[in-house]
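Here is the structure we will look at, set down as C-alpha cells.
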Amino acid sequence: MEKTKQLTLYVDTRRCMGCRACETACKLENALPAGPRYTMVTETEVVEDGVDKLKFLPVPCQHCADAPCVKACPTGALFKREDGVVLVNRRKCIGCHECLWSCPFGVPQFGVDGKMQKCTLCAFRLDRGEMPACARACPAEAILVGTTEEISATLRSRYGAQCAAAQMMSQGRCDPPQTAK
Amino acid sequence: MEAMNPVPWRKHEDLDRFAVERNVPVTLGGKVVIADRVVKTSCPHNCYDTCGERVYVKDEKVIKIEGDPDHPITRGHLCLKGFANVAKINSPDRVKYPLLRVGERGEGKFKRITWDEAMDFMVEKLTKIREQYGPEALSEYCYSGNREHMAKTVMGRFLNLYGASKLVGSFCLLSGAAGSFHTVGTQHTMMPDVWCEKAEVIMIVGRNSSATNPHIYPFLYRAKERGAKLIVVDPYATGLASKADLHLRPRPGTDGAMALGMMHWIIKKGLQDQAFIDQYTYGFEELKKLVEPWTPEYTQEVTTIPKEQIIEAAELFATHKSHLECGYGQQRYSNGHQTQRALACLAAICGRIGKEDGGYNFIDSMGFPSVGEHAFANTARVTNPEGADIPPARMINIASFATAIHEAKDPPIKAVIAYRGGLISQQPNVDYTIEAVKSLDLFVVIEQFMTDDTDYADLVLPGCHYLEQYGLHPSYWHHYLQLQVPVCQPPYECVPDIEIFEELGRRMGYEAYFPRERTGLDYIRMMVGDHCDLDKALSPNGPLRLPEEYCPRVPYADHKFDTPSGKVELYSNTMEQRGKEFPGDFCPLPHFLEPDESLPGTPELAKKYPINVISQHPAFRTHSQYYNLPWIQEIEGPAKIYINPEDAQERGIQDGDLVRVFNDRGELVNILARVSRRIKPHVAEMSSGMWVKLGGSVNKLTSCSVGGPRDIMSTGGIMYAYHPLLDGNTGGYFNTLIDIQKM
Amino acid sequence: MKMICIDRAKCSGCGACQALCALEKRGRMQPGESRIRLRRTGGPMLQYVTYCQHCADPECVKACLKTIIHKEKDGLVVRKFDECFACSACEVACPVGAVVYDSGKDAYMTCDLCRGDPLCVKVCPTGALTFVDAAQSSVERRGAYALQKIEGKEWLP
C-alpha cells in the first residue's frame with residue numbers, strides 16, 4: 001500500500017485539554033488491568049509569552065513508517081501491517097525490552113507475563129470500520145485518525161482561516177484585525 | 001465463592017424492555033462479544049455534562065459503556081470516569097451484604113448479617129431513639145454522589161412519616177445560586193450550541209472544564225475557530241486556562257473584587273450598555289457608587305491581578321458580544337454569594353442578558369427541579385403523601401452538618417442515615433466531623449465501597465451503582481433529559497436506595513405509603529406529572545429536549561425576570577428584605593468582603609499560616625468516588641500539593657520532596673510536593689476528594705466556614721425557615737490557611 | 001521488577017559502566033568480561049551497551065544444555081554457575097549479546113543487578129542508565145518526548 005494511504009494517528013494539541021478520557025477508554029476497549037498503559041497523557045508546564053500554561057499530549061503508538069522497534073526486535077515478533085499498523089505477535093515475543101530501548105516515545109508496555117503489548121491503533125476496530133477507542137472517546141475531538149490527506153483536511157477546516165490571515169499579515173498583505181467596538 | 005442470601009423484598013423487573021437493541025456485537029479486548037442488550041441512560045454525578053450513555057449488558061453484567069451519539073451536547077463522548085464505570089460497577093471490592101460493626105467506631109471491623117437482621121437492627125434503634133429523644137433526633141445525610149432527585153424524595157417520605165429533622169441546603173453551590181437569584185431571579189442557562197455560533201468573547205470564571213466539563217470544548221473551539229477570544233479567571237493555571245487568550249489569576253476569594261474593578265472601568269469609559277440598563281435593570285446608581293473606589297490600581301492591590309489585565313478584560317468583555325460562563329470555584333468562599341452577585345451585575349451592565357449571542361450562566365433552575373411555584377418536579381407529591389399526618393420538623397443545613405450534630409439540643413441529633421455522600425471525606429474539618437459521628441447512637445451508611453464513612457458506621461448496607469437504579473437528573477447546564485434506568489440487576493445482596501427506604505418504611509408501620517408494586521419510574525412520574533413526555537426520555541428513547549417553558553433556548557429573551565421589580569436587580573430588593581428577617585450578610589449591593597481566612601483579612605492567623613490552600617475537583621474523580629479504582633490511581637498518582645517556587649525555596653522544598661501540610665485543625669504527612677509556577681506565591685493547591693484513610697484528605701485542614709448570605713452558624717446549623725435561593729450557603733473550603741514544611 | 005533501563009540517545013560510549021562492572025565482578029578492569037559491554041557497531045548507533053534484560057521468555061533458559069538457568073518468581077534470570085561447563089550455548093542463543101565468559105569462574109555469566117543496587121547505573125555520567133521498572137521507564141520516556149516536542153518548533157500562527 002502507498003505510504004500516503006497508510007493510517008496515522010494525529011493529536012491536535014491545540015485541542016487536547018488534559019481530561020484523560022482517552023486513557024480509560026483505551027483501558028476499557030483493550031480489557032486492560034492497571035499496569036499497561038497503551039496511551040498516556042503527558043502534562044508539561046511551559047511559559048508562553050510570560051504566561052504559565054499546561055500542555056497536554058497523549059502518547060499512544062505512532063505506528064512509525066520506519067519503526068525502530070520492528071528493526072530492534074530480535075525475534076521478529078514486531079511487524080508492520082499493510083495499512084501501516086505496527087503490531088506485536090506475542091507468541092514470538094521473548095520480553096527482551098529492546099523495543100522499549102529503541103522507541104523514541106516509550107510506547108512498549110510489559111504486563112504481568114513480561115511480554116510486550118502496546119497500542120494497536122485499535123486494528124480490530126479499524127478492520128470493522130470503527131474508529132480507535134481514544135479517537136471516538138475524546139470529548140474535545142482532538143484525536144484524528146486517517147490518512148495524512150484526511151487529517152490535513154480536518155486541520156485546514158479548523159485553522160485554515162486563521163493561518164491564511166496570519167500568513168497574509170506576515171507578508172504585509174493585510175492589516176492586523178482591529179478590536180471591533 | 002461466598003453464598004448470597006436472597007433478598008425476598010427486592011424488586012425484580014424485566015429490564016429488557018429498556019433495550020435499544022438486543023444481541024448487539026461489541027468489540028472488547030480484541031474480540032467481538034455479543035451483548036444481550038444495549039440501554040440508554042445518563043450519568044447523574046454532580047457535573048455539568050450529564051452525559052448520554054449507551055451501556056452494554058451481558059448476563060446481567062455491564063461489559064462496556066460508551067457515549068450516546070444521539071446526545072446533541074455530549075455527542076457520544078464520555079470523560080475518563082465514564083469509562084471507568086465498568087471497572088467500578090464490577091469491582092470485587094464492592095460491599096456485597098449488610099455488615100454490623102463489631103469493633104470500635106473507626107476500626108472498620110464488621111461481621112456479616114442478613115438483610116432481615118439489618119432491618120430489625122434499624123427498626124429497633126430508630127424506635128428506641130424516637131422514644132428516648134423524639135423523632136427529630138434522626139437526620140439523613142445525602143448529597144450528590146448520585147445527584148438524581150427521586151431517591152431522596154422517597155427517603156423524604158419516610159423521614160416525614162417518622163418526623164425526622166429535614167436536611168436542607170447545599171455545601172457546594174448555593175451561595176452562588178442565591179447570588180444569581182437575588183440578581184436575575186430564576187436562572188436559565190444558555191446551551192453551548194447557541195452561544196458558540198455568535199459569541200465574540202467568552203469569559204469562564206472559576207471552572208476547569210478539563211476536569212469537570214470536558215464536553216464544552218467542541219463548542220468552545222468552534223467559537224475560537226470563528227475568531228472568538230477566551231478569558232479565563234482562575235487562581236491557577238489549569239487545562240482550560242491554558243487555552244485562554246487572557247488568563248486572570250485572582251488571589252483566592254477575590255473574584256468579586258475583580259468584577260467590581262471591571263465594572264468601575266467599564267462605567268468610567270462609558271462602555272456599559274446604557275439602553276439595557278435603563279430598560280431592564282434596577283439600582284444602577286447605587287451600583288455605580290459602590291464601584292467608584294474600585295480603580296484598576298486598587299483592584300490590583302486587592303486581587304493581585306495586574307491592572308492592565310483588569311482593563312483589558314473589562315474592555316474586551318464590554319465591547320463585544322460576550323458570554324459569561326461561571327463555574328463554582330469562585331463562590332466556594334465565605335463571600336461566595338457577593339462574588340456571584342458582582343459577576344451577575346457585570347453581565348447585566350454589559351447587556352449580556354436576553355441575547356442569542358451570549359448570556360450569563362451559573363446554574364440552570366433544573367439544578368433544583370423542585371424549587372419554585374412552577375417547579376418541574378413536584379416532590380411534595382412523594383414526600384407528603386395524601387392522608388398522612390406529617391408533623392412539622394426543624395431543618396438542618398447540610399453546610400453546617402457537623403456543627404448541628406455538635407450543638408443541636410431538644411432534641412440532639414442521635415441518628416444519621418447516610419447515602420450518596422461522603423460525610424467524613426467531603427465535609428470540612430475531618431476531625432470535627434468524626435467527633436460528631438462518634439457522638440451518635442446510630443450511624444447507618446449505604447455504600448458501594450468501604451470508605452471513610454463505613455469505617456465509622458454501626459451498620460453498612462450494600463448500595464447500588466447508578467447504573468443499577470432509576471433516576472431523574474436533569475442537567476444544570478444543558479437542556480436534554482435522559483432518565484436513569486437500571487441497565488442490569490443489582491449484584492450480590494445490593495439493593496437500590498429507594499427499596500431500602502420503602503422496606504424500612506413498611507417495617508416501621510407505614511405499609512400504606514410504600515406499596516410494593518411501585519417502582520422508581522412510578523415515583524418519577526408522580527414528581528414530573530405531565531410537565532414533559534417522560535417516555536421520550538426513557539430508554540430506548542431519548543434524550544428529550546426539555547420544554548422551552550422550563551428551559552428557553554435564549555434565556556430572558558422576553559426580558560421578564562421574577563424579581564420584585566421585574567428587572568435585573570443590581571440593587572437587590574430580595575436581599576434587603578431577607579436581611580430584615582434573618583442574620584447574615586444580606587447587603588443589597590455586591591460589596592467585597594475578605595473571606596473568613598485570608599492573608600490581608602486575618603493577618604494574625606496569616607503569620608502562623610501564610611499559605612492559602614485551594615482544592616480543585618480534578619478530572620480523576622467525582623469528589624471522593626472512583627478514587628479507589630486501580631485505573632484511576634495509576635493515572636492520578638499519589639496525593640500531592642502544588643507549591644509556588646518562591647514558597648518552596650523559602651522552605652527548602654524541592655520538587656518531589658515529601659512534605660507535611662498543617663494548620664491548627666489538623667495535618668497531612670508524606671504529601672508529595674510539586675514545585676510549580678501554575679500556582680501563585682502564597683497559594684497552594686491540593687485536590688479535594690482524596691480519602692482520609694489513604695492519607696491525602698485536604699479536609700483535615702479546611703474549616704466550617706460557610707458562604708452566605710444567611711448566617712447559619714449563629715443557630716448552630718438548625719433552622720425553622722429556609723429558602724435555598726434566598727438563603728444560599730456553600731462550604732467556604734477555599735479560604736483555608738496552612739503552612740508546609742519538609743518531612 | 002526494577003531493571004536497568006537505557007536511553008540509548010543519552011549514551012556517550014564512555015565505557016564507565018563496563019569498566020566499573022568488571023572491576024566489581026572480576027576484581028580488575030577487564031572489559032571483555034564485564035556483564036555490561038560497550039559495542040561499537042560503526043553504524044548510526046556508534047555506541048551501544050548490552051546487558052542481560054531478564055527476558056520474560058529467555059532464550060538462554062531454552063538453550064542451556066544443563067538446564068541450570070531459570071527465571072525466578074521476582075523476574076530475575078539466575079544461573080547455577082558452579083554447574084556450568086562453559087558450552088557457550090546460552091551466549092550464542094542470547095539475542096541481545098548479554099552473556100559473557102567469566103574466566104575466574106570458568107562459566108558464562110550475566111548481569112545480576114548487583115543485588116538490587118546496580119553499580120553501572122550509579123556511575124553512568126549521562127544518566128542514560130536508570131534503575132526503574134519498565135512501566136516507570138515508559139512514563140519517563142513519554143514525558144521526555146512531550147517536553148522535547150513542546151520545546152521544539154511551535155507552528156502556531
Side-chain angles (χ1 to χ4, degrees), chain A residues 12 14-37 40-41 43-48 51-56 117 120 122-128 130-131 133 135-142 157-162 165 177 179-181, chain B residues 25 27-32 49 51 64-67 74-84 86-87 200 209-211 214-218 220-221 224-227 236-244 246-247 249 315-316 319-320 619-620 629-635 676-679:
Chain A
D12 184 352
R14 290 182 73 170
R15 283 197 165 213
C16 177
M17 39 72 182
C19 76
R20 277 110 174 162
C22 53
E23 290 212 46
T24 52
C26 173
K27 288 273 202 188
L28 177 61
E29 178 67 39
N30 293 292
L32 296 174
R37 291 168 78 176
M40 184 189 108
V41 178
E43 185 176 298
T44 314
E45 289 183 19
V46 299
V47 181
E48 237 174 45
V51 179
D52 302 312
K53 290 193 180 192
L54 303 178
K55 297 271 190 200
F56 303 98
Q117 48 185 271
T120 58
C122 282
F124 193 73
R125 285 175 68 102
L126 289 174
D127 294 344
R128 296 165 53 81
E130 293 170 28
M131 288 292 268
R136 167 91 170 66
C138 177
E141 295 165 4
S157 77
R158 285 179 181 174
Y159 308 114
Q162 294 168 45
T179 306
K181 179 99 173 85
Chain B
T27 57
L28 195 61
K31 297 195 205 27
V32 173
D49 301 4
C51 300
K64 202 170 188 199
I65 188 169
E66 60 187 22
T74 61
R75 289 157 66 125
H77 306 301
L78 296 177
C79 73
L80 92 163
K81 302 167 285 283
F83 298 106
V86 180
E200 294 168 340
S209 294
S210 297
H215 296 80
I216 200 176
Y217 280 101
L220 195 56
Y221 290 142
K224 285 190 94 185
E225 282 155 22
R226 277 178 39 246
Y236 79 128
T238 62
L240 177 66
S242 303
K243 304 297 182 194
L246 179 59
H247 177 201
R249 300 171 72 172
E315 291 187 354
L316 262 177
T319 61
H320 288 85
F620 313 110
L629 297 181
W631 283 1
I632 300 292
Q633 294 194 323
E634 173 177 66
I635 299 173
S676 169
R677 289 176 51 117
R678 69 180 75 187
I679 200 82

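A note on names: the letters A, B, ... follow the listed sequences, proteins ahead of strands, and every chain is numbered from 1.
- Not a single donor-acceptor pair under 3.5 Å links the side chain of B:Trp631 to the backbone N or O of A:Glu23.
- Proximity to chain B (any heavy atom under 4.5 Å) is restricted, for A:Glu45, to the side chain, taken from C-beta onward.
- In this structure, chain A has a heavy atom under 4.5 Å from the backbone of B:Thr238, while its side chain stays farther away.
- To the nearest 0.5 Å, the span separating OG1 on B:Thr27 from CG on A:Asp127 amounts to 11.0 Å.
- Once rounded to the nearest 0.5 Å, the distance linking CZ of A:Arg20 with OG of B:Ser210 reads 9.0 Å.
- Proximity to chain A (any heavy atom under 4.5 Å) is shown, for B:Leu629, by neither the backbone nor the side chain.
- A distance of 9.0 Å separates CD of A:Glu29 from CD of B:Glu66, quoted to the nearest 0.5 Å.
- Residue contact with chain A, scored on non-hydrogen atoms closer than 4.5 Å, is absent for B:Ala87.
- Residue contact with chain B, scored on non-hydrogen atoms closer than 4.5 Å, is absent for A:Cys122.
- Top candidate by heavy-atom pairs under 4.5 Å with chain A, chosen from B:His215, B:Arg678, B:Glu315, is B:Arg678.
- Only the side chain of B:Ala619 comes within less than 4.5 Å of a heavy atom in chain A; its backbone stays farther off.
- Residue contact with chain B, scored on non-hydrogen atoms closer than 4.5 Å, is absent for A:Cys22.
- Considering every non-hydrogen atom in both B:Leu80 and A:Thr24, the closest pair reads O-OG1, 2.7 Å.
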Item checked: Verdict with reasoning, A:Arg37 to B:Ile635, per side chain to side chain contact (heavy atoms under 4.5 Å, CB included) -> CA-CA 9 Å; A:Arg37 291 168 78 176; B:Ile635 299 173; 3.9 Å; yes
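- In terms of heavy-atom pairs under 4.5 angstrom with chain B, the leader among A:Gly35, A:Gly18, A:Ala31 is A:Gly35.
- Contact count versus chain A (heavy atoms, under 4.5 Å) is highest, among B:Gly67, B:Ser209, B:Pro214, B:Ala211, for B:Pro214.
- The nearest pair of heavy atoms linking A:Leu54 to B:Ala237 is CD1-O, 3.4 Å.
- With a threshold of 4.5 angstrom between heavy atoms, B:Phe620 approaches chain A through side-chain atoms but not through N, CA, C or O.
- When side chains are defined from C-beta on, B:Val32 counts as touching A:Phe124, because their heavy atoms get closer than 4.5 Å.
- With a threshold of 4.5 angstrom between heavy atoms, A:Val41 does not approach chain B through any atom at all.
- Heavy atoms closer than 4.5 Å to chain A are found in the side chain of B:Arg249, but not in its backbone.
- With chain A as partner, the option from B:Ala244, B:Gly227, B:Gly82, B:Ser676 having the largest number of non-hydrogen pairs under 4.5 angstrom is B:Ser676.
- Considering only heavy-atom pairs separated by less than 4.5 Å from chain B, the leading option among A:Ala142, A:Pro139, A:Cys16 is A:Pro139.
- When each of A:Arg14, A:Met17, A:Arg15 is checked for a side-chain contact (heavy atoms from CB on, under 4.5 Å) with B:Lys243, only A:Met17 meets the rule.
- For A:Arg136, the parts lying near chain B are the backbone and the side chain together; criterion is any non-hydrogen pair under 4.5 Å.
- Highest contact tally toward chain A, considering only B:Ala84, B:Gly76, B:Cys51, is held by B:Gly76 [criterion: heavy-atom pairs under 4.5 Å].
- For the pair B:Ser242 (side chain) and A:Lys53 (backbone), a donor-acceptor distance under 3.5 Å is absent.
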